[in-house]
Amino acid sequence: MAIMNRRDFLRLGSLLALSMGLGESLAPRLAEALEELTLGQNPILWLQSQACSGCSVSFLNSDDPGPAELLTTYINLLFHSTVSTATGDLAAQVVNGTIKKGGYYLVAEGALPATMEEACIFAGEPMTKLVTEAARKAKAVITVGSCASWGGVPAAENNPTGATSVPDYLEKQGVHPTLIRLPGCPVHPDWVVGTLAHVLGFGLPELDHFKRPLMFYGKTVHDQCPRFAYHEREQFARSFAEEGCLFELGCVGPRCFADCPQRLWNSRTNFCIRAGAPCIGCANEDFARLANFPFYPKGMDFSQRREIVLPKGFK
Amino acid sequence: MAKTFVIDPVTRLEGHLSVRIEVADGKVTEAYCQGEMFRGFEQILRGRHPMDAQQITQRICGVCPISHGIASVLAQDAAYKVSPPPNGRLLRNLVQAANYIQSHIVHFYLLSALDFVDITAVLKYTGDSPVMADLRGWVERQLKEKLIYPAAPFLPRYEGKYLADDAANFMAIRHYVEALEMRQTAHQMVSLFGAKVPHSTALVPGGITEKVTARAIVAYKSKLEKLRTFIRDAYLPDVVRVAQAMPDYFEIGKGCGNFLAYGVFPESDAPDDAFFPSGVLTKGQLQPLSTAKVAEHLKFSKFDARASGRHPYQGETIAQPAKEGAYTWLKAPRYDGQVMEVGPLARMLIAYHSGKHPEIVKSVDALLAAVGGKPEHLDSVLGRHAARALECQIVADKCLDWLAELKPRESSFNEFELPQTGEGAGLTEAPRGALGHWLVLEEKRIKSYQCIVPTTWNCSPRDDKGVPGALEQAIAGTRVESPENPIEVARVVRSFDPCLACAVH
């Protein structure tokens, strides 16, 4: 993608002047100054690749601060494809201009199609290239969601695009930014806002070997589960109509690292296990990856009792 | 001579879309919608356990995951020959309805409003709303600082004609901020019965895993009442104000004129007993739906064209990214060989013509009277916005009936046995229109899974006969004052509420 040139700056300057009611006569002067200007405090560039926008939608579910307060008080969200007013050339220019300037935090959503770069294009260029460029100039890269963090559903077995997590792709390009992984399908808004607040206010939070903040991913779902007592009493539900531990229905809470049972979702309204739905391990590295590792082991074949097989690594 | 311009990317919609237009004498002569992102869900699903599908397919789209979950459990219900108990059906409706409300509010305020509303008007605000004063203060500070992109992500923007009435702008900007909170409230309603959202884990074949409690009914109702007030006092009046200020958009964005709906919100176990009925409307004539007439064309899509023209039960999705002549990752679905528009406008028109809902006929007529439009004006940019807003109100009102039918202590799930083989079609309506999942089972595994999604219909490329898709037809003929600043085209595109992650999947 072309780096922003002087002509682009001039055009952008004139559009900005018009937008702000400053009149076109001011446009050239503004454009002169543009090269001297800054991205502001806490600049964020949010790029979506092979994503479903679920993490963006989830981010909008943040409260204390809510999204409007976030955008006007805590961060400068320079570009986000679903929110930005800028469209077409203008959007491409904002992204290019930001990357040229450097020094922003890159929030990456979605996997990258490593073996089929045509499978994700932005402004005529492969997203693989744009994310690599953006990561090179970023202060830090924060991968939101399981697709960007691990590859997720796009990287599941039999996928045709060679979908790869952002850290793995960057590694292959020889780009090694400061990295934080925030997996989850989608990411919880608190995980993003809490991480940004820590990074911007206090520096890097304490991370595990996968670069996940321990404050959110330090314990398994099982260890915090409201149905833990059922598990200890070996009272296992064998149908969604029954009360009990959901282990026999496929729950992978014992091997999923996330704080959902404590934090709950959608402004503390509910979460999977409380609603009688097994944890499907959406924050896990292997989430949805293997075709023969079904979410619900016996497929609700109620005639047969499933033999309890502990997942790998669980004692 | 026509000159080509590309709007790339089209922002404020879900996913990666670019639109190529040819402009001659200030008018678009041809348009090409280009879906720019592909993941391959249909291959990923093959060979998997069928109950993975309602989880995997929700990941097609984070804006309307619920509708994919519903389509998938409906396809499985049909294949396993199970139907949910009344509580299960009602909770599915309530979860899906809450996501409709969320999606429609997001579409009007977050995705579309800034095409009409003058956000810079906030600088002129002198009233006493703290929200507006804060916003003005923020923009002023941003302007004083030496920022390249002051007031991002709300500026820069295409220049053009925006609402001139400051009072209307102030109102809409305040409602934009309020809408952010309202959509969160709607998501909380989804979560009450759906576990969490995006991506509900509670949706399963045979019903839903969450139980009905009086506490949850009351919580849902309390949140619903806030939304009903917002829809009545903010959303609908804002749409009317935009319509009154820019009535020319009743003439702009006229589509193919054919409308398709699969029907949504089942009222009983009986087939075709949906609150919004199914049907096909061509040349103003309503016909019953026959899904056997659905086929996908692949000539201009980046897929192996040998599978072109097939019904989704026989469909294939074999990527050919460098295929000659192909310009998009979308397939081109056709009904009986014809282009179809889907979405709230299609649903409202089909309900209007079905005669099943005198109250919908009354609401549509009342809204048209309020904006001074005629029924034929509905096929337009403003018609789509108006239909969406009206539907949002009708769905929110209908939730009260479903809540009243819920029975605590009764199950919301029916058990089933997984058959060795079978097939099932899951037909529903996502907020953006007709959604179908087609599942074929073999040895208790997925043999084939095909999805035809609303935006696949709306943003489809040309079909094998070269006939442009619904949005391509709606853009053609649009006048653009400045082709480098094609805000008129952007307005037409956004009126369809495209969702590209859905369309390609």
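In what follows, every chain begins at residue 1, and chains take the letters A, B, ... in the order their sequences are listed.
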Seminar exercise, completed: Applying a strict 4.5 Å limit to non-hydrogen atoms, the region of B/F5 in contact with chain A is neither
For this session: With a 4.5 angstrom heavy-atom cut-off, could you sort out which part of B/Y80 is near chain A: side chain, backbone, both or neither?
Result: neither
For this session: Identify which part of B/S411 has an atom lying under 4.5 Å from any heavy atom of chain A, answering side chain, backbone, both or neither.
Result: side chain
Problem set entry | Heavy-atom proximity to chain A below 4.5 Å, by part of B/V204 | side chain
Exercise. Is it true that the side chains of A/W46 and A/E109 contain a donor and an acceptor less than 3.5 Å apart?
Worked result: yes
Problem set entry | Pair B/F303 and B/F38, ring centroids less than 6.0 Å apart | yes
For this session: Identify which part of B/E181 has an atom lying under 4.5 Å from any heavy atom of chain A, answering side chain, backbone, both or neither.
Result: neither
Exercise. For A/S81, what residues pass the side chain to side chain donor-acceptor pair (under 3.5 Å) criterion, not counting sequence neighbours?
Worked result: none
For this session: Could you tell me which portion of B/Q54 (side chain, backbone, both or neither) has an atom closer than 4.5 angstrom to a non-hydrogen atom of chain A?
Result: side chain
For this session: Please look at B/L13 and chain A and tell me whether the side chain, the backbone, both or neither of the residue comes under 4.5 angstrom of a heavy atom of that chain.
Result: backbone
Exercise. Under a 4.5 Å heavy-atom cut-off, does chain A meet the side chain of B/P9, its backbone, both or neither?
Worked result: both
For this session: Check whether B/V197 gets within reach of chain A through its side chain, its backbone, both or neither, counting any heavy atom under 4.5 Å.
Result: both
Exercise. Which atoms of B/R141 come close to chain A, meaning under 4.5 Å heavy atom to heavy atom: side chain ones, backbone ones, both, or neither?
Worked result: side chain
Problem set entry | Under 4.5 Å from a heavy atom of chain B, the part of A/P113 involved | neither
Problem set entry | Pair A/N292-B/R48, side-chain donor/acceptor within less than 3.5 Å | no
For this session: List in chain and number order the residues that pass side chain to side chain donor-acceptor pair (under 3.5 Å) with B/H505, two or more places apart in sequence or in another chain; answer none if no residue qualifies.
Result: B/E42
For this session: Report yes or no: do B/Q188 and A/T269 form a side-chain donor-acceptor pair below 3.5 Å?
Result: no
